[in-house]
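Notes follow once the structure below has been shown.
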Amino acid sequence: MPASADFSARVYAVVARIPRGRVTTYGRIARTIGDPRGARMVGWALMGAVGAVDLPAHRVVNRNGELTGGWYFGHPDIMRARLLEEGIPFSDDYTVDLRQCVWDPWEDGDEPPVLDVVSPLGPDG
DNA sequence: GCCTTGACGGCAA
DNA sequence: GTTGCCGCCAAGG
């Protein structure tokens, strides 16, 4: 079992927590799972999520709200349509208005949320 | 084994 | 507000 699988599992756990009508960013997800510098890896993990895992991957955008992963849905319009379907506001054709719909995994608390996935190794390995 | 690419982010100019 | 550069780590050639 590659460590990357555990990483992606945590990413999926966070993505699954994204409420309908809200979006979050790669950086926030990375920070949530305890790897602030893993924003790029989050996107990498989500590659296999589209069409493979039943997750709202379309609710994940970059820090600027751009639908950078649109092509992984077949076409950016598909991702955009899914977001519009949930009433997510757009500031541009392929850019969501993060100011209105950004979501923090720990917005309701001062500490990171308890992930659904439990690592037997713990946070320190 | 080395180099390039990639759903990113932070910092400096 | 923009542009440019670096860091990060995994996958593919």
Side-chain angles (χ1 to χ4, degrees):
Chain A
M1 181 73 122
S4 57
D6 181 66
F7 181 89
S8 60
R10 300 190 186 191
V11 173
Y12 300 158
V14 177
V15 174
R17 290 171 64 89
I18 304 175
R20 181 182 176 84
R22 305 288 292 279
V23 297
T24 193
T25 66
Y26 304 96
R28 290 184 183 284
I29 294 174
R31 184 177 293 268
T32 301
I33 65 180
D35 193 349
R37 298 137 40 209
R40 204 167 206 175
M41 249 44 60
V42 173
W44 168 80
L46 286 176
M47 287 183 193
V50 177
V53 184
D54 185 23
L55 285 177
H58 57 278
R59 294 178 189 156
V60 185
V61 298
N62 71 351
R63 63 170 180 167
N64 199 28
E66 295 170 305
L67 278 53
T68 50
W71 289 106
Y72 288 79
F73 292 82
H75 193 281
D77 284 337
I78 299 177
M79 184 176 180
R80 185 169 67 102
R82 293 185 77 110
L83 293 171
L84 288 172
E85 188 97 3
E86 301 184 358
I88 292 179
F90 277 69
S91 60
D92 196 6
D93 285 356
Y94 297 99
T95 305
V96 301
D97 190 349
L98 286 179
R99 209 175 65 182
Q100 293 187 43
C101 62
V102 71
W103 174 78
D104 284 325
W106 59 80
E107 68 175 358
D108 293 329
D110 293 333
E111 56 185 79
V114 178
L115 299 179
D116 295 335
V117 288
V118 179
S119 174
L121 298 178
D124 295 325

From [options], pick the nucleotide closest to the side chain of [X]?
X       : options             : answer
A:Arg40 : B:dG9, B:dC8, B:dA7 : B:dC8
A:Leu46 : B:dG9, B:dA7, B:dG6 : B:dA7
A:Met41 : B:dG6, B:dG9, B:dA7 : B:dG6

* Report yes if some heavy atom in the side chain of A:Asp35 is under 4.5 Å from a heavy atom in the side chain of A:Met41; otherwise report no. => no

* Flag the pair A:Tyr94 / A:Met79 as yes when at least one side-chain heavy-atom distance between them is below 4.5 Å, and no otherwise. => no

* Between A:Ile29 and A:Val15, what is the shortest heavy-atom contact and its length? -> CD1-CG2, 3.9 Å

* To do: Locate the shortest heavy-atom distance separating A:Val42 from A:Phe7; write the atom from each residue and the value.
  => N-CE2, 3.8 Å

* **A:Asp93 with A:Arg80: basic N within carboxylate O range, under 4.0 Å** => no

* Does A:Arg22 come within less than 4.0 Å of A:Glu86, counting only side-chain N to carboxylate O? -> no

* State whether A:Thr68 places a side-chain N or O below 4.0 Å from either non-bridging phosphate oxygen (OP1 or OP2) of B:dC8. => yes

* Leading and trailing nucleotides of DNA chain C with any atom under 4.0 Å from heavy atoms of chain A -> C:dG7 to C:dA11

* Below 3.5 Å, does any donor atom in the side chain of A:Tyr72 face an acceptor in the base of B:dA7, or the other way round? -> no

Between atom [atom1] in [X] and atom [atom2] in [N], what is the gap in whole Å?
X       : N     : atom1 : atom2 : value
A:Phe73 : B:dA7 : CZ    : C1'   : 9 Å
A:Leu98 : B:dG9 : CG    : P     : 10 Å
A:Met47 : B:dG6 : CE    : P     : 9 Å
A:Tyr26 : B:dG6 : OH    : C1'   : 11 Å
A:Asp35 : B:dG9 : CG    : C1'   : 12 Å

Need one value for [X]: base, sugar-phosphate or nothing, where a base atom within 4.0 Å counts as base even if backbone is also close, heavy atoms only.
X       : result
A:Val50 : base
A:Arg63 : base
A:Ala57 : base

* Within 45° of the ring axis of A:Phe73 and under 6.0 Å from its six-membered ring centre, is that where the NZ or CZ of A:Arg82 lies? -> no

